[in-house]
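Here is the structure we will look at.
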Amino acid sequence: MVKTKELSKDTRNKIVALHQAGKTESAIANQLGVKKSTVGAIIRKWKTYKTTDNLPRSGAPRKNSTPWGQNDHKNACCRPPRCVYIYISAVYTCFAMFPLKKRRKEAAAPTDPVAPAVIFPDVWIFLVERRMGAARRGFLTSLAQRKGFGVAHEYSRAVTHVVSEQNSFSDVLSWIERKTGNPVMQSADDQTWPQILDISWFTESMSSGKPVAVEARHHLGILGSEMCKDRDALPSVAPYACQRQTPLTHHNSQITDALEMLEKAAALQGSEVRSLAFARAASVLKSLPIKLRSAKEAKNLVWCGGHSQVVIQEILEDGTCHEVEELKVSERYRCMELLTSVFGVGVRTADRWYKDGVRNLSDVEKLTIKLTADQRAGIEHYKDLKQPVTREEAERVEHFINDALHRFVPDLKITMTGGFRRGKQQGHDVDFLITHPDKESLSGLLEKAIEWMDSQTMLRSKS
C-alpha cells in the first residue's frame, strides 16, 4: 500500500467523495487499496480544513539541502580541523573517567549561646552529640533556640540540663569528661550539678513550648545521690537485642514467662505487631542483672511501655496477670498451641482446622482432612519430635555428622550453633555450621552424606 504523502490529489478527492456518498472507511480503503488509517486521516483533514492538500508545517524551519562541500569557501574559516576534534574528544573522555571532587560545604558557624531571644534564662541545655550525630544535634539546637531555649554548644558550669539520646548515665559522664578534660561532678561540696536527662524530656518540652517539670522517668541518673546509678539504680540497657546478653537463667523469669505467653497468644491470633512488642519486652528483662522491684523502674526501660508495662505492674503488685490466667483455661489457645506444634502446620492452617472442629490430633484423621507430606510426617512422629534433645544427644549427633561429612571432605570444619552453643541443656533440634576455605569443596556434600547415611541404615527416612 502507498503512503499518505504519496497519494495523488485525485485519490484524496475520491476518498472524500466516497465518504460523502455514505461509505465507511473500511469500504473506501478496500475499494481504493489504501490503509484504513490513511483514509481516516484524509477525511479528518477535510472536515477540519475543507481541503485535502498537504498543509505547510507551522513554525518548522526549512531544511537546508545544500551539501557541506558546496559551501566550503564559507565554512572553512569557522570549521575546526580534524585534529582539534580528536583532541577535544580525548580531553572530554579524560574528565569523564575522573569525576571532579565535590567541594565540602563549610559547616555553619555555631550560634552564639548567649542569644538575646532566650525566653527561659534559668534553663541552659547541652545536647550530647554521642550517638545523636552532628546533623541531628544541629537540628535540635535550632529547634530549641526558635522556641526560646538557651542551648550551649560547649559544656560549661552554666549548663543546667544535659540531654542525651540512647546513652547511659555513665556514658554521658565519661563522654563529657573526655571532651572537657574535667569531671562533671568535681567535688562533693559543689551544688551546681546539671540534670542528666533522656531525650524524652527535651521532646516534651519542645511540644509544650516551655520547660516541663523533670520527673523520675526523665532522669538517666542523679548526681550527688547515694545511688548515682543509671535510671533509678537500674543499669543501662542497650536498645538493640544484638547489643545485650540474654542469659538462660535470669532474675525476672515470672514476668518474662507471662510476656512470652502473651507473645505466643498474639502470634496465634495473627497479630505480629503485638507479638513483637511482648518479645522485645521479655528480651530486655532477661538481660537485667537485677530483679525488678517496682513498675516505676520498668518505665525507664526500652521496649517496656504500653501493654507490657501493665503486665509488669500487675505481676509485681498482684503476683499474677489476669490475661495469662485466662489463656491457661482458654480452649482455643490450647488447641492452637497444639496444632501449630505439628511440623508443617502454621497459624492459618491451625485456625482453619480449629474452625472445622479439630480439637486434638485424632480429630484430624476422623474428619479426613487432606494433609501434605510434611503434615503427615509431623503427626506420625509427633511424640518423637516433641521429646526434647539433651546436650549429650546433641554431642553424639555432632560426632556422628562429623564422621559422615569428613568421609567426603576431610578438612572441613563443623561447629554446633543455636541454643546448645549458648549453653542450653535441652532443645528441639541441633544446628550445625559447615565451613571450608574452598566453597567448591562443599558442592553436593549434603546429598552425598545423606545418601551414604541412608545406605548404612542410619536414617529413619529420606527427606
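Any value given below was found using the heavy atoms of this structure, including those in side chains, with hydrogens, waters and symmetry copies removed.
Between Gln425 and Thr390 the shortest side-chain heavy-atom distance does not fall below 4.5 Å. Within the 4.5 Å cutoff, side-chain heavy atoms of Lys264 are placed close to those of Tyr333. Ser341 places a side-chain heavy atom less than 4.5 Å from the side chain of Lys386. Considering only heavy atoms from C-beta on, Trp353 comes within 4.5 Å of Val364 through its side chain. The side-chain heavy atoms of Gln269 and Arg274, taken from C-beta on, include a pair separated by under 4.5 Å. Annotation: side chain of Thr415 is not in contact with side chain of Thr435 (no heavy-atom distance under 4.5 Å). Within the 4.5 Å cutoff, side-chain heavy atoms of Leu301 are placed close to those of Leu292. Taking the side chain as every heavy atom from C-beta outward, His322 and Glu326 approach each other to under 4.5 Å.
Looking only at distances, a side-chain donor or acceptor of Thr180 sits under 3.5 Å from a matching main-chain atom of Ile176. Of the possible polar contacts, none joining the Ser330 side chain to the Leu327 backbone as a donor-acceptor pair under 3.5 Å is found. Side chain of Ser174 to backbone of Asp171: a donor-acceptor contact under 3.5 angstrom is found. The main-chain N or O of Lys383 is never found under 3.5 Å from a side-chain atom of Gln387 such that the two would form a donor-acceptor pair. Judged by distance alone, the side chain of Ser253 and the main-chain N or O of Thr249 form no donor-acceptor pair under 3.5 Å. Between the side chain of Ser275 and the backbone N or O of Glu263, at least one donor-acceptor pair lies under 3.5 Å. Listed for the His436 side chain is no donor-acceptor partner under 3.5 Å among the backbone atoms of Leu442. A donor-acceptor pair is defined here as one N or O able to donate and one able to accept, closer than 3.5 Å; no such pair exists between the side chain of Glu272 and the backbone of Ala267. Between the side chain of Asn252 and the backbone N or O of Ile255, no donor-acceptor pair lies under 3.5 Å. At distances below 3.5 Å, not a single donor-acceptor pair connects side-chain atoms of Ser208 with backbone N or O atoms of Ser205.
Using a 4.0 Å cut-off between charged nitrogen and carboxylate oxygen, Glu165 and Arg131 do not count as a salt-bridge pair. Salt-bridge formation is not detected for the pair Glu392/Arg396: no Lys NZ or Arg NE/NH1/NH2 atom is positioned less than 4.0 Å from an Asp or Glu carboxylate oxygen. Salt bridge Lys355/Asp351: present, at least one basic N to carboxylate O contact under 4.0 Å. Remark: Lys328 engages Glu325 in a salt bridge, criterion side-chain N to carboxylate O under 4.0 Å. Ionic pairing of Glu260 and Lys286 is present here: one or more N-O contacts between side-chain nitrogen and carboxylate oxygen are shorter than 4.0 angstrom.
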*Apply side chain to side chain contact (heavy atoms under 4.5 Å, CB included) to the pair Lys147 and Met206, showing each step before the final yes or no.*
CA-CA 7 Å; Lys147 292 183 177 291; Met206 295 303 107; 3.8 Å; yes
*Taking it one step at a time, do Phe126 and His153 satisfy ring-ring contact (aromatic ring centres under 6.0 Å, His included)?*
CA-CA 7 Å; Phe126 175 71; His153 294 277; 9.3 Å; no
*Does the side chain to side chain contact (heavy atoms under 4.5 Å, CB included) test come out yes or no for Ile434 and Val409, once each step is laid out?*
CA-CA 11 Å; Ile434 306 171; Val409 184; over 6 Å; no
*asked:* Let's go through Tyr155 and Val162 carefully: what are the C-alpha distance in whole Å and the side-chain angles of both, what is the deciding distance for side chain to side chain contact (heavy atoms under 4.5 Å, CB included) to 0.1 Å, and is it a yes or a no?
replied: CA-CA 9 Å; Tyr155 178 77; Val162 176; 3.9 Å; yes
*Can you check side chain to side chain contact (heavy atoms under 4.5 Å, CB included) on Val389 and Phe420, steps first, answer last?*
CA-CA 10 Å; Val389 180; Phe420 288 109; 4.3 Å; yes
Exercise answer: donor-acceptor pairs, residues 397-405 side-chain atoms, under 3.5 Å, sequence neighbours excluded:
| unit_1 | atom_1 | unit_2 | atom_2 | d |
| --- | --- | --- | --- | --- |
| His399 | NE2 | Asp403 | OD2 | 3.2 |
| Asn402 | OD1 | His406 | ND1 | 3.0 |

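Here the shortest heavy-atom pairing between His428 and Leu385 reads ND1-O, 4.2 Å. Counting all heavy atoms, side chain and backbone alike, His219 lies closest to Val214 at NE2-CG1, 3.4 Å. When all heavy atoms of Cys304 and Leu285 are compared, the closest pair comes out as SG-CD2, 4.1 Å. Residue Leu268 comes nearest to Met336 through the heavy atom pair O-CE, 3.7 Å, listed as atom of the first residue, atom of the second, then distance. Between Met132 and Leu127, the shortest heavy-atom contact is SD-CB, 4.3 Å. For the residue pair Ala258 and Ile315, the shortest heavy atom distance occurs at CB-CD1, 3.5 Å.
Rounding to the nearest 0.5 Å places OG of Ser164 at 8.5 Å from CD1 of Ile196. Between atom CD1 of residue Ile450 and atom CG of residue Asp454 there is a gap of 9.0 Å, rounded to the nearest 0.5 Å. In this structure, the separation between CG on Asp198 and CG on Asn167 is 9.5 Å, given to the nearest 0.5 Å. Expressed to the nearest 0.5 Å, how far CD of Glu395 lies from CE of Met416 amounts to 6.0 Å. In this structure, Asp356 CG and Asp363 CG are separated by 11.0 Å, a value rounded to the nearest 0.5 Å. Note that the NE2 atom of His307 and the CG atom of Leu262 stand 6.0 Å from one another [nearest 0.5 Å].
Counted by atom type alone, Thr320 and Asp318 present zero donor-acceptor pairs between their side chains at under 3.5 Å. A donor-acceptor contact closer than 3.5 angstrom is absent between the side chains of Thr372 and Asp374. Looking at His218 and Gln195, their side chains never bring a donor and an acceptor atom within 3.5 Å of each other.
Counting non-hydrogen atoms of other residues, nucleotides and ligands closer than 6.0 Å to CH2 of Trp303 gives a total of 12 or fewer.
Note that Arg359 lies in the cation-pi zone of Tyr354, set by a 6.0 Å cut-off to the ring centre and a 45° limit from the axis.
Outside the 6.0 Å centre-distance limit, the rings of Phe343 and His381 are not counted as a close aromatic pair. Checked against the 6.0 Å centroid threshold, His161 and Trp201 count as a close aromatic pair.
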